[in-house]
There are 2 protein chains.
Amino acid sequence: MYKMKLTEAKQQFINSWGAFGTQWGINRTMAQIYALLLVSPDPITQEDVMEQLSISRGNVNMNIRELIGWGIVERVIISGERKEHFVADKDIWKASTQIIKERKKRELDPMLKMLAQLEDVEGDKKDRHVKQFTEVIKDIRKMGASAEKVLDMMTGIEGNFFTDALIKMFK
Amino acid sequence: MYKMKLTEAKQQFINSWGAFGTQWGINRTMAQIYALLLVSPDPITQEDVMEQLSISRGNVNMNIRELIGWGIVERVIISGERKEHFVADKDIWKASTQIIKERKKRELDPMLKMLAQLEDVEGDKKDRHVKQFTEVIKDIRKMGASAEKVLDMMTGIEGNFFTDALIKMFK
DNA sequence: TTGCACTTTCAATGAATATTGAAAAGAAAT
DNA sequence: ATTTCTTTTCAATATTCATTGAAAGTGCAA
């Protein structure tokens, strides 16, 4: 069976990761930078990223900043070095948790807020259209609230027997 | 407290839903059409969608087709009517399940395949770079495999006490 | 078998998003 | 306080992605 060289495999990983990222509504470059940081054993500089991914200074800067905002990449000071270095936390479980938390905060919570405002509308409760509308909004809210609970549990906002069982089963 | 008129609320819902969709890597229009179908008590035609969302015939056609491909919208025959009509399944739990299944199939499975191919690379196992790479790939695979299991359970591919408990807790 | 009602396709266009790079700002070192 | 190295910003540009609409396709019905 064919074995790739490391550089080839890295490139493959970075490219695929970028492609999957876009499917999830994540900037391709941001995903690629994250992938690069994941497979880099030591902290690297913006310059390194520029070279290895052939992208511009500004682009690297903005996306690294974004990754830091997501809480999955850190700035690192290396004594004696002038340039900033960056690392990705290599604990994948922790990173996933962090990403889930972040997406929940940025997307699920605002959605539930929006739905709350549409809770009840003017007009005849017997009207098919009114009925259908309120029904759907209510159901989506329920679904969203459940999702929220599950995610909070999974990301350890509350720790309990259920979470523990779940983690033991799947980690 | 202010109550919206139905049409206003519908519009609000459709627009917001479209915006949230894009964040999830889903075509804005597709998300909007789905929202419209959700709040419509009866099956509607492509023409109806065109008018209500002010979008072109081709756009409606392609996106409805896509929604059908996701298994959350159905073509409906209304006897006496020439035009095709469409409905969204109003069971939100079922729809969510269906979307999760579909995304898993389209995204998670291919990702795991990709990772499998990068499992082992040429070169010295003691090299920091080789080590880090194989380590990360292995960890992501593990994480992905766990996610796969959880999702399969949640979407009822296997039914067991755990799923039942989960469903009872959150549905 | 021709016309009609409707659906589908897809090249052209438009809109949204990402990327560049040069200029400004910031931060050590001399 | 000036030079030098580094980071950040952002208007201009390039790229990607979504939308249009006219033409081709389908199939029913007279």
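Chain naming here is simple, since letters A, B, ... match the order of the sequence lines and numbering starts at 1 in each.
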Indicate whether OP1 or OP2 belonging to D:dT19 is found under 4.0 Å from a side-chain N or O atom of B:Asn27.
-> yes
From CD of A:Glu84 across to C1' of D:dT7 the rounded distance in Å is 7 Å
To the nearest angstrom, the CE-P distance between B:Met62 and D:dG21 comes to 15 Å
query = Does NZ or CZ of A:Arg103 come closer than 6.0 Å to the centre of the six-membered ring of B:Trp24, within 45° of the ring's axis?
reply = yes
Rounded to whole Å, CH2 of B:Trp24 lies from C1' of D:dC17 at a distance of 20 Å
Here the distance between atom P of D:dT16 and atom CD of A:Gln23, to the nearest Å, is 16 Å
Sorted by position of nearest nucleotide on DNA chain C, 5' first, the leading residue of A:Arg82 and A:Ser56 is A:Ser56
Original post:
So do A:Ile72 and A:Ile99 actually touch side chain to side chain, heavy atoms under 4.5 Å?
Top reply: yes
Whole-Å distance, B:Arg57 CZ to C:dA11 C1', equals 19 Å
Between B:Arg65 and C:dT8, is there a contact of a side-chain N or O with OP1 or OP2 at under 4.0 Å?
yes
Is the shortest side-chain heavy-atom distance between B:Thr45 and B:Asp48 below 4.5 Å?
yes
Walking DNA chain D from its 5' end, the first of A:His85 and A:Asn59 to be reached, judged by nearest nucleotide, is A:His85
- C:dT7 phosphate, OP1 or OP2, under 4.0 Å from B:Asn61 side-chain N/O: no
note: B:Met50, atom CE; C:dT7, atom P; distance rounded to Å ~ 11 Å
Flag side-chain contact, heavy atom, 4.5 Å: B:Lys104 against B:Asp109: yes
From CD of B:Glu66 across to C1' of C:dT9 the rounded distance in Å is 15 Å
_Worked check of side chain to side chain contact (heavy atoms under 4.5 Å, CB included) between B:Lys90 and A:Glu135_ = CA-CA 9 Å; B:Lys90 302 302 192 295; A:Glu135 192 71 16; over 6 Å; no
note: B:Glu81, atom CD; C:dC6, atom P; distance rounded to Å ~ 9 Å
Per nearest nucleotide of DNA chain D, the residue lying toward the 5' end, A:Glu47 or A:Arg28, is A:Glu47
